[in-house]
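Starting from 1, each residue takes its place in the sequence as its number.
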Amino acid sequence: MSSAPLLSVSDLRVGFATEDGIVQAVDGVSFDLRPGEVLAIVGESGSGKSVTAQTIIGLTRANNARIEGAVTLDGKDLTSASDAEMRKLRGDRVAMIFQDPMTSFNPVYRIGDQIVEAIRTHRPDTSKGAGKARVVELFEAVGIPNAAGRVDDYPHEFSGGMRQRAMIAMALALEPEVLIADEPTTALDVTIQAQILDLLEELNREHNLATILITHDLGVVAEVADRVLVMYAGKVVEEGTLDEIFYDPQHPYTWGLLGSLTRIDRPRPHRLPQIAGSPPSLLDLPEGCPFRPRCPHEFSKCSEYPGLEARSEAPDHRDRCWLNPEQKREKRQVEGQIGLEAPSGANKA
């Protein structure tokens, strides 16, 4: 894996002006992404994952958007690039697999024609015949059976798993360097999820793609990720390698996400530890740590929001929690596994 980052995001802030005030959807996110690396961004709905990804490829630009910070691709700043420059780059060097392929394809055009159109938009010298041959090649690469016959099908003639494979084929059509997968397995059943994850892992390995995987499912992350960013209320609250996040998590929010996973390799707990309450409104964040109202371990220091710092032995494993590492290792154990303790007075039934 190359040591030089291909994509760098530095102190990215994205806010949207509304009638009630500024919604700060992303607040100071930074990371580097290298060729061949899979970076997972995880968190509940509304944590800022998708807005971060969409801002990278210029999809959040609007009159009410306030974008600060820097996104650089191979040294080029994308936040200051013109709309025309972003249209040339989008799909060519950076591609995105969207969450719902049914709404990503036009229902009245054949899937093959839509992918050919995307290819010819960026490669105008490509003939329709060559474009269609490329689509067949892509369909075969992503595991769509009878590829030559399926290119003339409409989106409704594909199953959910096949539509997702077609969406991946479209994203790979121009051989991008960066691939962003926004919850690519959410609408699929477990068996198809596993197939799609295997496919993404294989494509990443074969093409040396720099991949961002956005998900709320840490079970998905465990399959493919190299590094993990955990987001909450627009901020990164913990970051580290896959092993650091899974085996030595430092932030109570991460404990809650891990604890909500069903483990078949351990005795069944009395009940899965859960995260109490709901994510805060981005228009009215609590003072200090925004996770404080939902955290059973909050104390007086939590009224101040800690910086993202290395608090464990690993220098690149950083988190935003005032508890020391010894306290964290003790408090994160719930019925013999990592989880978030139920708040006092909660129903234990």
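Side-chain N or O atoms of Arg120 include none that pairs as donor or acceptor with a backbone N or O of Gly131 at under 3.5 Å. With Lys235 contributing its side chain and Val29 its backbone, the two residues share no donor-acceptor pair below 3.5 Å. In this structure, Gln327 contributes its side chain and Asn324 its backbone to a donor-acceptor pair below 3.5 Å. With Trp322 contributing its side chain and Glu304 its backbone, the two residues share a donor-acceptor pair below 3.5 Å. At least one donor-acceptor pair closer than 3.5 Å links the side chain of His122 to the backbone N or O of Lys88.
Salt bridge Glu85/Lys76: present, at least one basic N to carboxylate O contact under 4.0 Å. Between Asp74 and Arg93 there is a salt bridge, since a side-chain N of the basic residue sits under 4.0 Å from a carboxylate O of the acidic one. Salt bridge annotation for Glu244-Arg318: absent, with no cationic side-chain nitrogen under 4.0 angstrom from a carboxylate oxygen. Using a 4.0 Å cut-off between charged side-chain N and carboxylate O, Arg110 and Asp153 make no salt bridge. Under the 4.0 Å criterion applied to side-chain N and carboxylate O atoms, Asp11 and Arg13 are assigned as salt-bridge partners.
Leu12 is not connected to Val23 by any chain of hydrophobic side-chain contacts under 4.5 Å among Ile, Leu, Val, Met, Phe, Trp and Tyr, and they are in different clusters. Ile67 and Ile57 fall within the same hydrophobic cluster, where Ile, Leu, Val, Met, Phe, Trp and Tyr residues are linked whenever their side-chain heavy atoms come under 4.5 Å apart, directly or through other members. Connection of Phe31 to Val14 is established within a shared hydrophobic cluster, with ILVMFWY side chains joined at heavy-atom distances below 4.5 Å, either directly or through further cluster members. A continuous path of ILVMFWY side-chain contacts below 4.5 Å connects Met170 to Leu59, so both sit in one hydrophobic cluster. Linking ILVMFWY side-chain heavy atoms closer than 4.5 Å, directly or via other members, places Val151 and Ile119 in a single hydrophobic cluster.
By the 30° and 60° cut-offs, the orientation of the rings of His156 relative to Tyr154 is parallel. The aromatic rings of His251 and Phe291 lie tilted to each other, with the angle between the two planes from 30° to 60°.
Checking each of Thr126, Asp152, Asp113 against Lys132 for a side chain to side chain donor-acceptor pair (under 3.5 Å) leaves exactly one that passes, namely Asp152.
Among residues two or more places apart in sequence or in another chain, the side-chain contact (heavy atoms from CB on, under 4.5 Å) test is passed with Ser312 by Asp248, Gln250, Ala314, His317. Residues meeting the side-chain contact (heavy atoms from CB on, under 4.5 Å) test with Thr211, sequence neighbours left out: Val38, Leu179, Asn204, Leu209. Here His207 pairs with nothing under the ring-ring contact (aromatic ring centres under 6.0 Å, His included) rule; sequence neighbours left out. Under the rule for a side-chain contact (heavy atoms from CB on, under 4.5 Å), the partners of Asn64 that lie at least two apart in sequence or sit in another chain are Phe16, Ala17, Ala62.
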Check your understanding: Hey, mind stepping through Tyr232 and Arg294 against side chain to side chain donor-acceptor pair (under 3.5 Å) and telling me if it holds?
Key -> CA-CA 12 Å; Tyr232 187 78; Arg294 306 174 72 189; 3.2 Å; yes
Review point. Does the salt bridge (Lys or Arg N to Asp or Glu O under 4.0 Å) test come out yes or no for Lys328 and Asp319, once each step is laid out?
Key: CA-CA 12 Å; Lys328 291 171 181 174; Asp319 70 275; 2.9 Å; yes
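Shown here for Met96 and Ala53, the closest heavy-atom pair between the two residues is CE-CB, 4.1 Å. Minimum interatomic distance between Val230 and Leu257 (heavy atoms only, all atoms of both residues): CG1-CD1, 4.0 Å. Residue Pro176 comes nearest to Val94 through the heavy atom pair CB-N, 4.2 Å, listed as atom of the first residue, atom of the second, then distance.
With hydrogens and angles left out, the side-chain atoms of Arg165 and Gln195 include a donor and acceptor closer than 3.5 Å.
Remark: Phe299 CZ is packed, more than 12 non-hydrogen atoms of other residues, nucleotides or ligands lying under 6.0 Å away.
Cation-pi contact between Arg150 and Phe158: present, with separation from the ring centre below 6.0 Å and deviation from the ring axis of at most 45°.
Interatomic distance, CG of Leu174 versus CG of Leu89, reported as 11.0 Å (0.5 Å rounding). A distance of 12.0 Å separates CD of Glu68 from OG of Ser10, quoted to the nearest 0.5 Å.
Among pairs with a residue in residues 162-184, none fulfils ring pair (Phe, Tyr, Trp, His ring centres under 6.0 Å), at least two apart in sequence or across chains.
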Show me the side-chain donor-acceptor pairs of residues 135-147 shorter than 3.5 Å, one per line, residues at least two apart or across chains.
residue	atom	partner	partner atom	Å
Glu137	OE2	Arg134	NH1	2.8

